[in-house]
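Below: the structure, in structure tokens.
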Amino acid sequence: MLLPHAEDLLRRSEHAEREFRALARAPADVLHVGTFATAGARLLPQALAELRRRRPAVDVRLAEAEPHDALAALGRGELDVALVFCAPGGPRDAAAHVATRWILDDPMVVMLPAGHALADRSAVELAALADEGWIGGAHEHDPCDRVLVEACRSHGFEPRTAFRSDDYTVIRGLVAAGLGVALVPALGLGPAEPGVAVRPVAGEPLVREVHVAVRGPKPTASALALRDALTRHARARA
């Protein structure tokens with residue numbers, strides 16, 4: 001009487017073992033994601049948390065990269081998804097088989113020492129800061145530094161760089177100490193600094209666009225799921 005049950009249990013055990021071995025041999029669902037620092041801090045964590053809830057088996061590998069490098073890595077197949085920023089109009093250096101989607105306008109704001117003569121204004125014209133020392137990006141070819149230079153040139157002057165840093169915490173500290181002014185994206189503001197006044201740029205809004213890019217022509221289901229999660233969280237933040 002027990003023999004048929006024992007044989008059935010043995011068959012089930014062998015079947016389970018075959019399925020387990022097949023699962024072990026199956027390629028892992030690895031998602032390579034690139035991001036620039038401020039999006040990595042403000043946009044990506046919530047989207048990744050949503051992805052983990054919906055697709056817990058996905059193994060996310062995260063890399064920090066500037067937009068140009070991230071788009072190039074997507075084109076080479078080294079990344080599956082990337083967060084990038086660019087001037088209005090969308091990325092101009094996206095590789096073939098890379099699809100980009102706008103998710104957020106990130107306004108640029110002026111960071112002034114709290115005791116600055118213009119700190120009591122509701123908005124500050126860049127031209128009024130032509131004689132100030134500026135805290136620029138880490139180097140002359142830094143994407144954020146290019147945003148600063150192009151913005152100042154559009155207002156008729158070349159910014160005089162007093163200090164350079166790619167760390168917004170350092171930039172806030174330098175501004176608070178009265179060592180210069182800065183043009184920073186809203187995503188890079190972080191906690192309020194007592195010695196710093198943050199004001200919008202007067203006149204036409206100055207923004208950088210944030211896009212999420214995926215590798216094609218057939219993105220993976222996990223890449224599309226992360227793109228959709230990023231879109232939702234970016235729109236909610238906006």
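Everything numeric here is computed off the predicted structure, so don't read it as measured data. Throughout, numbering of the chain's residues begins at 1 and tracks the sequence.
Under the 4.5 Å side-chain contact rule for hydrophobic residues, Val84 and Val210 do not share a cluster. Under the 4.5 Å side-chain contact rule for hydrophobic residues, Leu187 and Leu62 share a cluster. No continuous path of hydrophobic side-chain contacts links Val30 to Val214 [ILVMFWY only; heavy atoms under 4.5 Å]. Under a hydrophobic clustering in which Ile, Leu, Val, Met, Phe, Trp and Tyr are joined whenever their side-chain heavy atoms come within less than 4.5 Å, directly or via other members, Val212 and Val33 fall into the same cluster. If you chain together hydrophobic residues whose side chains sit under 4.5 Å apart, Leu104 and Leu44 fall into the same group.
To the nearest 0.5 Å, the span separating CG on Leu51 from CD on Gln46 amounts to 13.5 Å. Between Leu43 atom CG and Thr38 atom OG1 the span is 7.5 Å, to the nearest 0.5 Å. Taken from OG1 in Thr100 to CG in Leu83, the straight-line distance is 12.0 Å, to the nearest 0.5 Å. Rounding to the nearest 0.5 Å places CG of Asp29 at 3.5 Å from OG of Ser222. Atoms OG and CZ, from Ser165 and Arg172 in turn, are 10.5 Å apart once rounded to the nearest 0.5 Å. For the atom pair CZ of Arg160 and CG of Asp131, the computed distance is 8.0 Å after rounding to the nearest 0.5 Å.
Annotation: side chain to side chain donor-acceptor pair (under 3.5 Å) contacts of Arg153 (sequence neighbours excluded): Glu158. With sequence neighbours excluded, the residues satisfying side chain to side chain donor-acceptor pair (under 3.5 Å) with Arg232 are Glu50. Qualifying side chain to side chain donor-acceptor pair (under 3.5 Å) partners for Glu78, counting only residues two or more places apart in sequence or in other chains: Arg76. Taking Arg101 as the reference, Asp228, Thr231 meet the side chain to side chain donor-acceptor pair (under 3.5 Å) condition, with sequence neighbours excluded.
Paired with Cys86 under the rule side chain to side chain contact (heavy atoms under 4.5 Å, CB included), one option of Pro67, Pro143, Pro91 passes, and it is Pro91.
Hydrophobic cluster membership for Met1: none, as no Ile, Leu, Val, Met, Phe, Trp or Tyr side chain comes under 4.5 Å of it. In the hydrophobic clustering, Leu129 connects to Met108, Val110, Leu112, Leu118, Val124, Leu126, Trp134, Val147, Leu148, Phe157, Val181, Leu183, Val201, Leu206, either directly or through intervening members, whenever side-chain heavy atoms lie under 4.5 Å apart. Other residues sharing a hydrophobic cluster with Val198 under the 4.5 Å side-chain heavy-atom criterion for ILVMFWY residues are Val109, Met111, Ile135, Phe163, Tyr168, Val170, Ile171, Leu174, Val175, Leu179, Val184, Leu189, Val196.
The minimum heavy-atom distance between Ala70 and Ala82, with the atom names listed, is CB-CB, 3.9 Å. The two atoms that bring Gly137 and Asp145 nearest to each other are N-OD1, 2.9 Å, heavy atoms only. Residue Ile103 comes nearest to Ala234 through the heavy atom pair O-CB, 3.5 Å, listed as atom of the first residue, atom of the second, then distance. The shortest heavy-atom contact between Pro56 and Arg53 is CD-O, 4.0 Å. Listed here is the closest heavy atom pair of His155 and Ala151: ND1-O, 3.0 Å. Taking all atoms of both residues into account, the shortest heavy-atom contact from Val207 to Pro107 is CG1-CA, 3.8 Å.
Side-chain contact between Leu226 and Val60: absent, with no pair of heavy atoms (C-beta onward) separated by less than 4.5 Å.
Pairs engaging residues 62-71 under the salt bridge (Lys or Arg N to Asp or Glu O under 4.0 Å) rule: none recorded [sequence neighbours left out]. Contacts classified as ring-ring contact (aromatic ring centres under 6.0 Å, His included) and involving residues 172-203 (residues at least two apart or in different chains) are not found. Within the structure, the side chain to side chain donor-acceptor pair (under 3.5 Å) test picks out the following pairs touching residues 116-129 (sequence neighbours left out): His116-Glu132. The side chain to side chain donor-acceptor pair (under 3.5 Å) analysis of residues 210-220, with sequence neighbours excluded, yields the pairs Asp80-Arg215, Glu209-His211. Annotation: ring-ring contact (aromatic ring centres under 6.0 Å, His included) contacts involving residues 35-83, sequence neighbours excluded, comprise Phe36-Phe85.
Checking side-chain atoms of Arg42 against main-chain N and O of Gly188 turns up no donor-acceptor pair under 3.5 Å. Remark: the backbone N or O of Ala186 is paired with a side-chain donor or acceptor of Asp106 at under 3.5 angstrom.
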